[in-house]
Participant: 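Starting off with a structure, shown below.
Because only heavy atoms are used, hydrogens play no part in the values below, and waters and symmetry mates are left out as well, while side chains stay in.
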Amino acid sequence: MKIGVISADIASESRVALTPDAVKKLRKLGFEVVIQSGAGQAAYYADALYQAAGADIASSSAEVIAQSQIITTIHDLPAEVAEHLSAGQIVVGMLDPYRNTQLDTYAAKGVTAFAMELLPRTLSRAQNMDVLSSQANLAGYKAVLLAANEYSRPFPMFMTSAGTVKPAKVVILGVGVAGLQAIATAKRLGAVVEASDLRPAAKEQVESLGGKWLDVPMSDDEAQKAKATGGYAWTPSEQYIKDQAAVVDKALSNADIVITTAQIPGRQAPRLVHQATLAKMKAGSVLIDMAAGTGGNVEGSAPNETVTTDNGVRIVGAANIPSMLAAQSSDLYANNLVNFITTLIAPAATDDASANKLALNLDMEDEIQGALAVTHDNQVRLAKR
């Protein structure tokens with residue numbers, strides 16, 4: 001059984017789906033691997049490294065697909081590449097399923113497509129397959145470094161003969177995996193860090209990393225509801241949302257750096273920072289919008305562009321931060337894929353009792369496979385949102 005690796009076809013993507021180390025792991029499991037020539041070059045993985053790991057090199061994506069039963073990718077396959085797929089093949093990657101326009105094509109061709117973003121993150125056996133967490137962790141770290149590079153002052157406090165340099169004030173909006181890593185990184189650089197999230201349960205995580213929680217007044221009834229759900233299934237009242245917006249607005253008005261991390265798979269990113277707040281911020285302050293590629297948390301942000309407002313605030317639209325750390329993010333992503341691919345196979349008996357051969361073991365009743373499969377058996381399985 002052969003696994004194929006397709007090269008990313010967009011200039012803003014430097015990652016590769018499988019690394020040479022991942023190839024070695026798959027070879028030990030009994031797979032063969034074929035990679036499109038140059039697919040790993042932007043992540044500093046040359047073809048020679050793949051060949052040394054035991055992979056074959058193909059000259060084109062069409063050649064990879066012709067040889068492979070499982071095709072791995074970072075993002076969805078381009079339409080012209082997907083046309084080469086045939087019945088029984090498997091596509092695995094971050095397929096952006098709720099905005100994907102070619103799921104019907106996959107289904108019509110008899111392709112089983114697995115969208116890694118749909119992984120049930122509450123399952124303990126799925127944790128080592130969680131591409132969203134592995135990529136967000138690196139993105140949160142890199143976002144702080146981007147901010148430090150854009151900001152015209154240092155992060156830590158300095159004591160000098162010419163006077164004291166005050167530490168930078170950093171506000172993190174959204175305390176998921178990326179937000180927590182951003183807090184930890186900003187603290188290590190010496191900044192004063194505040195954070196906010198719609199989930200009150202995130203307070204303990206923020207404070208454990210040395211950040212200050214932007215506290216919002218809450219009624220006793222609402223506090224009990226939030227506590228009972230752990231904060232994750234809690235639906236805040238309109239008054240709480242209004243009060244939180246006021247607290248955040250005040251914090252941002254005094255901030256030097258703001259990093260926004262809020263994204264919802266398959267939907268437009270929620271708007272967290274509006275023009276009215278931007279107008280109150282200090283000249284020279286910097287916002288890193290990690291959701292710029294899905295609509296943006298910050299009003300006026302643009303993907304892969306830096307916009308300066310009339311009052312001197314810089315908005316960095318960081319649409320694909322993991323690609324900036326392509327070598328490491330590819331390594332983690334590849335490990336996630338290897339761990340998932342192992343759920344798709346089972347040893348198959350052969351005529352020779354001493355030999356074992358790999359065989360596909362697709363099981364839509366499996367809690368992981370069933371959750372990730374967006375097309376299978378000529379059907380689109382994705383529930384509408």
Side-chain angles (χ1 to χ4, degrees), residues 1-8 16-18 22 25-26 29-36 39 58 61-121 123 125-126 128-132 265-266 333-348 357-385:
M1 190 182 300
K2 186 171 283 190
I3 296 177
V5 184
I6 298 293
S7 176
V16 62
L18 295 178
K25 293 175 183 177
L26 291 168
L29 290 171
F31 288 102
E32 294 180 10
V33 180
V34 57
I35 181 166
Q36 185 177 348
S61 58
E63 188 179 339
V64 170
I65 289 175
Q67 297 183 34
S68 306
Q69 191 161 4
I70 300 174
I71 296 98
T72 62
T73 180
I74 295 290
H75 303 296
D76 191 30
L77 298 177
E80 62 273 17
V81 175
E83 283 300 317
H84 296 286
L85 295 168
S86 58
Q89 288 185 303
I90 296 169
V91 175
V92 182
M94 292 187 290
L95 305 183
D96 194 8
Y98 293 107
R99 282 190 288 259
N100 194 309
T101 60
Q102 57 185 12
L103 295 187
D104 288 334
T105 299
Y106 289 150
K109 286 179 170 292
V111 171
T112 297
F114 291 103
M116 295 300 295
E117 304 99 312
L118 300 180
L119 189 80
R121 302 171 84 181
L123 294 177
R125 65 181 279 247
N128 62 3
M129 311 171 199
D130 188 352
V131 297
L132 293 182
Y333 183 78
N335 285 338
N336 293 147
L337 292 195
V338 170
N339 291 327
F340 171 66
I341 288 170
T342 59
T343 72
L344 304 180
I345 58 171
K357 233 173 135 178
L358 289 176
L360 283 176
N361 182 32
L362 297 184
D363 179 9
M364 297 301 111
E365 298 301 318
D366 178 79
E367 55 190 354
I368 292 178
Q369 289 189 38
L372 269 59
V374 290
T375 64
H376 179 66
D377 197 21
N378 296 103
Q379 300 290 323
V380 175
R381 295 169 43 88
L382 185 68
K384 300 213 180 272
R385 300 187 77 171

Participant: Rounded to the nearest 0.5 Å, what separates atom CG in L337 from atom CZ in F340?
Facilitator: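 So the CG of L337 and the CZ of F340 are separated by 9.0 Å.
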Participant: Taking all non-hydrogen atoms of both residues, which atom of G93 and which atom of Y333 are closest, and how far apart?
Facilitator: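 For G93 versus Y333, the nearest heavy atoms are CA-OH, 3.3 Å.
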Participant: If you round to the nearest 0.5 Å, how far is OG1 of T343 from CD of E367?
Facilitator: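 Between atom CD of E367 and atom OG1 of T343 there are 10.5 Å.
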Participant: For residues V64 and A58, report the shortest heavy-atom separation together with the two atoms involved.
Facilitator: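 In terms of heavy atoms, the two residues are closest at CG2-CB, 3.7 Å.
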Participant: Check H376 against L362 and note the closest heavy-atom contact, atom names and distance.
Facilitator: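 What the structure gives for the nearest pair is CE1-CD1, 3.9 Å.
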Participant: What I want to find out is whether K109 reaches D104 closely enough, with some N-O distance under 4.0 Å, to be called a salt bridge.
Facilitator: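 D104 and K109: not salt-bridged.
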Participant: From L119 CG over to N128 CG, what is the distance, rounded to the nearest 0.5 angstrom?
Facilitator: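 Atom-to-atom, L119:CG and N128:CG are 9.0 Å apart.
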Participant: Hey, is the main chain of A373 close enough, under 3.5 Å, to the side chain of R381 for a donor-acceptor pair?
Facilitator: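 Answer holds: yes.
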Participant: Within the distance-only criterion (no hydrogens, no angle test), does the side chain of Q369 pair as donor or acceptor with the backbone N or O of M364 below 3.5 angstrom?
Facilitator: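 No, the answer is negative, given that no donor and acceptor are paired below the 3.5 Å cut-off.
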Participant: Is there a donor-acceptor pair under 3.5 Å between the side chain of T112 and the backbone N or O of I90?
Facilitator: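 Here the side-chain-to-backbone pair does not exist.
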Participant: Looking at residues at least two apart in the chain, or sitting in another chain, which of them share a side chain to side chain contact (heavy atoms under 4.5 Å, CB included) with Q89?
Facilitator: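 Checked Q89 against side chain to side chain contact (heavy atoms under 4.5 Å, CB included); matches are I65, I71, L85, S86.
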Participant: Calculate, to the nearest 0.5 Å, the distance between atoms CE and CD1 belonging to M1 and I70 respectively.
Facilitator: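 One finds 5.5 Å between CE of M1 and CD1 of I70.
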Participant: Under 3.5 Å, is there a donor-acceptor pair between the side chain of T72 and the main chain of G4?
Facilitator: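 Checked: pair present.
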Participant: For side-chain hydrogen bond (donor to acceptor under 3.5 Å, both in side chains), just list the numbers for K2 and Q67, CA-CA rounded to whole Å, side-chain angles, deciding distance to a tenth of an Å, and then say yes or no.
Facilitator: CA-CA 7 Å; K2 186 171 283 190; Q67 297 183 34; 3.1 Å; yes
Participant: Before giving the answer on side-chain contact (heavy atoms from CB on, under 4.5 Å), spell out for I3 and Q69 the whole-Å C-alpha distance, their side-chain angles and the decisive distance to 0.1 Å.
Facilitator: CA-CA 6 Å; I3 296 177; Q69 191 161 4; over 6 Å; no
Participant: Quick one: OG1 on T101 to CG on D96, what's the gap to the nearest 0.5 Å?
Facilitator: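 Reported to 0.5 Å precision, the distance equals 9.5 Å.
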Participant: Looking only at heavy atoms, what is the nearest atom pair of D130 and R121, with distance?
Facilitator: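 That would be OD2-NE, 3.1 Å.
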Participant: Holding to side chain to side chain contact (heavy atoms under 4.5 Å, CB included), I want the full list of residues that pass it with A334, two or more places apart in sequence or in another chain.
Facilitator: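 Side chain to side chain contact (heavy atoms under 4.5 Å, CB included) list for A334, sorted by chain: L18, T19, A22.
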Participant: Using side-chain contact (heavy atoms from CB on, under 4.5 Å) as the criterion, point out the one residue from V374, L372, V380, D76 that pairs with P97.
Facilitator: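 That would be V374.
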Participant: When you look at E117 and Y98, which way does the side-chain contact (heavy atoms from CB on, under 4.5 Å) test go after all the steps?
Facilitator: CA-CA 10 Å; E117 304 99 312; Y98 293 107; over 6 Å; no
Participant: How long is the straight-line distance from CG of L77 back to CD of E83, given to the nearest 0.5 Å?
Facilitator: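 Reported to 0.5 Å precision, the distance equals 11.0 Å.
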Participant: Apply side-chain contact (heavy atoms from CB on, under 4.5 Å) to the pair L26 and V338, showing each step before the final yes or no.
Facilitator: CA-CA 7 Å; L26 291 168; V338 170; 4.0 Å; yes
Participant: For the pair T73 (side chain) and I6 (backbone), establish whether a donor and an acceptor sit closer than 3.5 Å, ignoring hydrogens and angles.
Facilitator: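 A pair under 3.5 Å: no.
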Participant: Hey, mind stepping through I368 and R125 against side-chain contact (heavy atoms from CB on, under 4.5 Å) and telling me if it holds?
Facilitator: CA-CA 9 Å; I368 292 178; R125 65 181 279 247; 3.5 Å; yes
Participant: Checking side-chain contact (heavy atoms from CB on, under 4.5 Å) against S68, which of V33, V34, V91 comes through?
Facilitator: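 Testing each of V33, V34, V91 against S68, the sole residue satisfying side-chain contact (heavy atoms from CB on, under 4.5 Å) is V34.
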Participant: If we ignore hydrogens and angles and just use 3.5 Å, is the side chain of N100 paired with the main-chain N or O of L95 as donor and acceptor?
Facilitator: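 Confirmed, N100 side chain pairs with L95 backbone.
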